Structures are given as C-alpha cells and as structure tokens.
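Order of the sequence lines fixes the chain letters, A, B, ..., with proteins taken first and strands second; residue numbering starts at 1 for each chain. Since the model is a prediction, treat every value here as computed from it, not as a measurement.
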Protein chains: 4
Amino acid sequence: MTKDKLIRAAINNFSKYGYQGATMSNIAKDAGIKPASIYYFFENKEELIREAVQAILNHHFASMKETFYEKERENVNVLFSELFGKIVLHHTENEDETKAYVIMVNSPISNIKKQISDYLHTYNNWLVEQLTSSIRRHHPDLEEATISEMIDYFIFIGNGLFWGVVIHDKAGIQRNLTQASHLMAQYVTQILGSGQNEKQQGH
Amino acid sequence: MTKDKLIRAAINNFSKYGYQGATMSNIAKDAGIKPASIYYFFENKEELIREAVQAILNHHFASMKETFYEKERENVNVLFSELFGKIVLHHTENEDETKAYVIMVNSPISNIKKQISDYLHTYNNWLVEQLTSSIRRHHPDLEEATISEMIDYFIFIGNGLFWGVVIHDKAGIQRNLTQASHLMAQYVTQILGSGQNEKQQGH
Amino acid sequence: MTKDKLIRAAINNFSKYGYQGATMSNIAKDAGIKPASIYYFFENKEELIREAVQAILNHHFASMKETFYEKERENVNVLFSELFGKIVLHHTENEDETKAYVIMVNSPISNIKKQISDYLHTYNNWLVEQLTSSIRRHHPDLEEATISEMIDYFIFIGNGLFWGVVIHDKAGIQRNLTQASHLMAQYVTQILGSGQNEKQQGH
Amino acid sequence: MTKDKLIRAAINNFSKYGYQGATMSNIAKDAGIKPASIYYFFENKEELIREAVQAILNHHFASMKETFYEKERENVNVLFSELFGKIVLHHTENEDETKAYVIMVNSPISNIKKQISDYLHTYNNWLVEQLTSSIRRHHPDLEEATISEMIDYFIFIGNGLFWGVVIHDKAGIQRNLTQASHLMAQYVTQILGSGQNEKQQGH
DNA sequence: AATGAATGAGTCTTCATTCAT
DNA sequence: AATGAATGAAGACTCATTCAT
C-alpha cells in the first residue's frame, strides 16, 4: 500500500537525515510516487513524520511484548537474558528505526518530543509491571524495593546494550550481550544469595 | 573571538537540529554576525561543522585525560568510579556537545562519519593503554586477557552510563552512576577474588 | 509553452550578458514566471543554457539546409550568392542568436565548448559535402583539390561576412554582401577560366 | 607593478568569463594581492575593466601603427599582405585580448560600448587616411572613390581573417592568410588592370 | 489516487565594496 | 601599499505546499 510505503520511506529518510534533512521529495521518490501525492495521504510533513515515529514506537512495543508472552514463565536469569537478546535482535534487525529513535530522543520538535516521552512513560510502566509480576512469581518473598532495584539494574544494563547496538558492529554487539547477561546474573545472584532481602525468611 | 563564537554557535545549532537543520543564518545570528561573514572564517558549512565536531571530540579527549592524570595512581575501584563520574560530569556539563555527538554518531555525511570513527579509534586505543598500565600497577600478576576483559566491561558499563545521561534527568543519572560503580566493583571483586587469573599464584 | 519561453528568454539573456551575466531571475521574469519554476523544466542553469545553445545551433542548421534545398541546382555563382545572402539574413534576423554564438565560441564552460565544436564539425562536414556535389554537378571535370579549395575560399569569405554582421549596421552589411559575392565570383572565374584545373580538357 | 598586474589579470579574466564573470577576487588572486587592495588602484570594478579595455585597444592601435611605419613605402600588394600578416600576428600573440574584444564588441555595458565605438571610429579614420596616402603614393591617378572602395575590400577581407583567428587553429589561420592576400591581390589587379579607374591617364 | 505546474519562503554561497589599521 | 574583518545585495537552488485536473 502506498501509505505504508510512505511511512517506511519516511522512517528511512528520517533515520539518515533527521527531521529537516528528510525531504518530502526524497520520501516520495523512495515510495515511488510524486511529492504532490503525499498530501493525499498526510496533511503535511509533520503529520507524516508523526505517524512514522508512532510506527517505530509501536513496533518496538510489539517486539518486547512478544518476548514477554513467550518467556514470562522462565526463571529470572533466563528471562533477563531473553529480554537482552530481544533488545539486541530488535534493534539490529531494524537499524533504521533504531537510528531514528536515537535522533528523535532529543528532538527540538515539541510534538515528537511529547510523543517519545509519552511512549517512554507507557513502556516503562508496562515493563516494570511485567517484570515485577514475573520476578514475584519465582521469588515471592522478595521485597518490593528489592524488585524495583533489580528492574532498575536491568534497565541500566539494557541501556548499555542499546548504545552498543548503535555504535558497534556485529561482533562487538554479541560480546556486549554476553557481558550484559553476565553482569545481570551476577547482580541477581548477589541479591538472592544475600538472603537479607527476602521478606519472610521463615525458619 | 568571532571564529570561536561561530564554533560554539555551530555546536549548539547542530546539537539541536542536526546537520541540515543547523542553518548558517541561525549560526551567524547566535554568533552576533551576518551570514556572509561566516565565509571569511570557514570555506563552507561542511567545513564549519567539521571544525565544530572536532572541537567536541578534542574537548572530550581533554576531559578524559584530565581525570587520568589526576587519578591514575588510585586503586582500580576508585579509578573506575572516578572515570564513570567524569563521563557523567563531562556529558551533563556539556549537554549540547553530547547531543551533537549522539546525532553525528550515525551521520550520513561521510566526512563527519570518518572524523568520528577516527576519533573513536584513537580514543579507544588511548583508553585501553592507560587503563592497562593503571590496572597492572596495582595488580601486576593479572593476565593480559583478564585485563583486557575488565576494560571491556568498563567500556560496556560506561556506554550504559552515557546513554543514561542522554535520556535521564539529574536524579536518574546519579542513580545510574551508583549502579555503574556497583556493577563494576562487583565484577572486579569476582575477577580478583577468583585467583585463578593471577599469573603466578605460587606462594 | 513555458519551456519554449524559457529557452527564448535564456538565449536573449545569454546573448546580452554571457553565461555568468544571464541570471535565472531575469530569465524567469522574461518568461513570465517565478525563478523557482524554472527548475520544474530544467535541472539547473547549465542545462537550461545547454538547451538554449542547442536551439541556436539547430536553428542555424535548419536555415542553411533550407537554402540548399531551394538553390542547389543553381549555377555556382548564384549558389554562392544565395548562401551568402542566407548567412546575412539568418544572422540579421536572429540578432540575439548571433550574439550568443559570438559569446559562446570561446566559452570556458566545457560543456558549451564541446557542444559548439561538435556542431561546427557536423556543420562543416555537411556543408563541404553539399557544396562538393553541387559544384560537381555543374563542373564535373574539376579536380577534387580544386573543389576543395574553392569551398575553403567560400568559407573564408563567409567568415568576413559573418563578422561584418556582428559589427556593422544594415548599410555596411549590404555593402559586405556585394563584396563577398564579387570576390567569390572573381575567384571562381579565375579558377574556371584558367582551364588548367579541368580534369580532361582533351576532346 | 601591481597596477599593471591587475590590468593584465583583468584582461585575462574578462576574456574568459565576460564582465559579470570576471570577479574582483579572481582578478586579485591572479595579481597576487587581496581583493580589498584593488580599491587602492581603481575606484571600482567598472573603472578597472574600463582601463583594461583601453589597454587592449591601445595595444591594438600600437601594433597596427608599427606596421605602417615600417611598410608604408612598399607597393600596395606588399602593404596589404603585411597588414594582413600583422592582424594575424597581433591577434594570435594576444589571444586573451582578442577574446576580450570579441566579447565586448556587443557589451550591454554602455561605457564599454562607447569606448569600443569611439575606438573603432578613430581607428577606422586613421586606417583610411594611412591607406589612402600609401595607395596614392604608388598610384597617384586612382580616383578617390576607387581608393575608398579598395580600402573597403581590404577591411572586409581583414574581417574574415580576424574571425578566422578566433575560430581556427594555427594551420587554418595560415591558410586564411594566404587566401586573404590572394583575394586582395586579385582584386587589386582587376582594379588597376582595368584602367578605367585611373583618373586621367592622358598622354 | 495521483500528478503537472507553480510558487513563497528560505538555504547556502558569492560578490563588490567599505573601513579601520 | 595592503589587508583583515565585515556586510548588503544578489545568485543559484531547494523545499513544503497548493491546486486544477
């Protein structure tokens, strides 16, 4: 469909050249139509980019949900590893969307900024909720704060992984993936092993 | 000096709007001159941005060197913590340079791309060299490969920290800093504690 | 048609001001449109001028062909006179094209230079071929070299005529036309009269 | 001297790019100074070009005078030949001046136009005067009108020669030179031989 | 659903010129 | 005698957008 082609072309151009650099005429060319025709589908450039950005965010959400539905019953170490793996997979397989995300994270265009921060809020809430219930399923005695901190470490390590995808090649990314899982496992071991954090360590 | 003002203005505009979005007329206005005057100092836009990018990279290098000269004699945990702190400090204090860096990391302008990858190469070599000698000073028995791996973990965690600076607010960044130091310390303890990696574990 | 108007306007501006002096905004104004609209029809200034130059050359060729088709059966003196007349007519009736030609003959723009020299080559070959067959029709016994030399004289005198059109007024040009025909006729008489050049003057 | 260098540079640039195409900064560069310095020697661009144009015209006049002073006593055929030779020599040896002349002959800049037409007027008067007296010296009985016509033919053939220099290479120019002398000699022979033009060849 | 033709606003850049030094 | 620094005006060209078809 032409509209989809336009959104793909918009993402691709935006990811390479940013908002100002993504021109309607290049987007049209990539979609195989003439610039004037874009206006049949979108009111203007901002609207087109807005939809393109939304598509990127939706896609990301869908990717992460997928993993949860498949792996939420695994033990925490496996779950964290799988999620790290998915982060890497999603961002390497959708390089243009990832680049676009990197560009727009600090976008001065207020609409995009709001779109992103709304998404990050929603995504974060969802992630915390999912992780909390998954962790609790396997470790019902962990304190709320401990779980919360664990999730925070997971997110922090995930950030390292994300930026690694942006700047490294395939080999470097794989190494990072191992490092991420290792650091997380080490952290989890320390938390669970210490015992002090368990709610009722009944005797 | 006018030329310096232009470079500052270029960094600022580039960090907000990207290459295409940073206009000569805005840069000129920010530097307090007229657009035509830019061409007395720089051959064209690309050259101006090139010098601006170089200034960012030089500044980053200078910041990291500074820390090394002050802290290279501290024990590894302190050194890593200080370096993490410096990464955070440099990037929070120079927000526009950091945003610019994020934008240009995937720049489609080949000159900029080359500039960045050349820098990353140089910086990485320097960092590895410095860290290697610092670590070796305190742990002369560590094997080459172990040191190398430790540095890799340091860089990986540093990436998480960097991306955190980009997307988080002050509070979030401070939390990340703690997490970074904690994860690194935990990793180091594990490595050093294991003993198996020491070259001559003789008695 | 807008495109044709643009080419006319381009020729006119180019003939007055040369390549650098012919501005897109003046050309647009003369064609009754806005400067930006030129780019719908032509890729850029060079392309527009290139097409304008080509139009001039095509027009010149068409003019000369016309005369040949009408007069090729006349005797040589009449033919030469008619051709001289046509040279004068074409260049006086298309003053701007003639001025443009004078300017571009030494153009430093390599594309234009090539266009001209390609044309001169083609035109010259055609002219020689046509004249040769016309002359031979009336004087089958003339040697190849003699015909060739006669054509050379014709071209040389034509050059004087051409430059006369450029620098003289109407009266001066008419005087030149008489002179051209007179000199050529005199030359032809001498060649034909001498007899020595006839191939087989035996019986 | 810098001023002379500037005039040379101006001629050279003007000959290649025309009035609008000859830029002050290029001229300055060719003269080995900075653009601002031009204004120490010339009030503005028009003044500089005006002086450059004048230099070209003066040089041409000097060249033609030279030949006259050396050859005015030769018989008419030799004189005409020598003058043709000088025309060719002057214009081949001063290619940039010749190109400049071709460009400016139809200049829309009114000052230049006037300069040229004033010069052509002066030069023509001088030429006619010189030729008349030279011809009369050898052929005192020729009628005024006959001399005048002969000079006209000389000028006409000279025009062909001039344009030949502009468009031909060395070999072609030499051929033209032969043709010019031949045509002129033939014409002269016819005039002088006819006898009818001699004033009173009374006995 | 798509486009040809057109344009106002703006982009980068050049140019002739100025003026204090 | 020469220039560094600066600029208003203009140049070629791009861009998002419009509108009749």
Query raised in the report: Taking the nucleotide of DNA chain F with the closest heavy atom to each, which residue, I38(D) or G32(B), is nearer the 5' end?
Result: I38(D)

Query - Length of the line joining L6(B):CG and dA5(F):C1', which is rounded to integer Å - result: 12 Å

Query raised in the report: Rounded to the Å, how far apart are M24(B) CE and dT14(E) C1'?
Result: 12 Å

Report task. Tell me which of S25(B) and E43(D) sits closer to the 5' end of DNA chain E, going by the nucleotide each one is nearest to. Result -> S25(B)

Query raised in the report: Phosphate oxygens OP1/OP2 of dA2(E): is one of them under 4.0 Å from a side-chain N or O of T2(A)?
Result: yes

Report task. Quickly work out the Q20(B) CD to dC12(E) P distance and round it to whole Å. Result -> 10 Å

Query raised in the report: Under 4.0 Å between a Lys/Arg side-chain N and an Asp/Glu carboxylate O for R8(A) and D30(A)?
Result: no

Requested in this report: Establish, for the pair K5(A) and F41(A), whether the NZ or CZ atom is under 6.0 angstrom from the six-membered ring centre and no further than 45 degrees off its axis.
Outcome: no

Query raised in the report: Considering Watson-Crick and G-U wobble pairs with both distances under 3.5 Å, what does dA1(E) pair with?
Result: none

Query raised in the report: Can you check the M1(B) CE to dG4(F) P distance for me, whole Å?
Result: 14 Å

Report task. Answer with base, sugar-phosphate or nothing: what part of the nucleic acid does A22(B) contact at a heavy-atom distance below 4.0 Å? Result -> sugar-phosphate

**Report entry** cation_pi(K3(C), F42(C)) dist<6.0 Å, angle<=45
**Finding:** yes

Query raised in the report: If you find the nucleotide of DNA chain E closest to K34(C) and the one closest to A36(A), which residue's nucleotide is nearer the 5' end?
Result: A36(A)

Query raised in the report: On the ring face of Y19(B), is K45(B) found with NZ or CZ under 6.0 Å from the centre and within 45° of the axis?
Result: yes

**Report entry** S37(C) side chain near dA5(E) phosphate (N/O to OP1/OP2, under 4.0 Å)
**Finding:** no

Requested in this report: Measure the distance from NZ on K29(A) to P on dT3(E) and round it to the nearest whole Å.
Outcome: 14 Å

Query raised in the report: Do the charged groups of R50(B) and E46(B) touch, with an N to O distance under 4.0 Å?
Result: no

Query raised in the report: Is the phosphate of dA1(F), meaning OP1 or OP2, less than 4.0 Å from a side-chain N or O of Y40(D)?
Result: yes

**Report entry** Length of the NZ-P vector between K5(C) and dA5(E), whole Å
**Finding:** 13 Å

Report task. Just call it for I33(B): base, sugar-phosphate, or nothing, with non-hydrogen atoms closer than 4.0 Å on any strand. Result -> sugar-phosphate

Query raised in the report: Which of these nucleotides, dC13(F), dT17(E), dT17(F), is closest to any side-chain atom of N44(D)?
Result: dT17(E)

**Report entry** Whole-Å distance separating the OH atom of Y17(D) from the P atom of dT14(E)
**Finding:** 15 Å

Query raised in the report: Do the side chains of I33(A) and L6(A) get nearer than 4.5 Å, heavy atoms only?
Result: yes

Query raised in the report: Which comes earlier along DNA chain F counting from the 5' end, the contact point of Y39(A) or that of Y39(D), where each point is its nearest nucleotide?
Result: Y39(D)

Query raised in the report: Considering only side-chain heavy atoms of K45(B), which listed nucleotide, dA16(E), dC12(E), dA16(F), is closest?
Result: dC12(E)

Query raised in the report: With both distances kept under 3.5 Å, what pairs with dA9(E), Watson-Crick or G-U wobble?
Result: dT14(F)

Query raised in the report: If you check the F41(C) side chain, which of dT3(F), dA6(E), dT17(F) turns out closest?
Result: dA6(E)

Report task. Name the pairing partner of dC15(E), where a pair is Watson-Crick or G-U wobble with both distances under 3.5 Å, or state none. Result -> dG8(F)

Requested in this report: Whole angstrom is fine here: how far is it from CZ in F42(C) over to P in dT14(F)?
Outcome: 15 Å

Requested in this report: Answer with base, sugar-phosphate or nothing: what part of the nucleic acid does T23(A) contact at a heavy-atom distance below 4.0 Å?
Outcome: sugar-phosphate

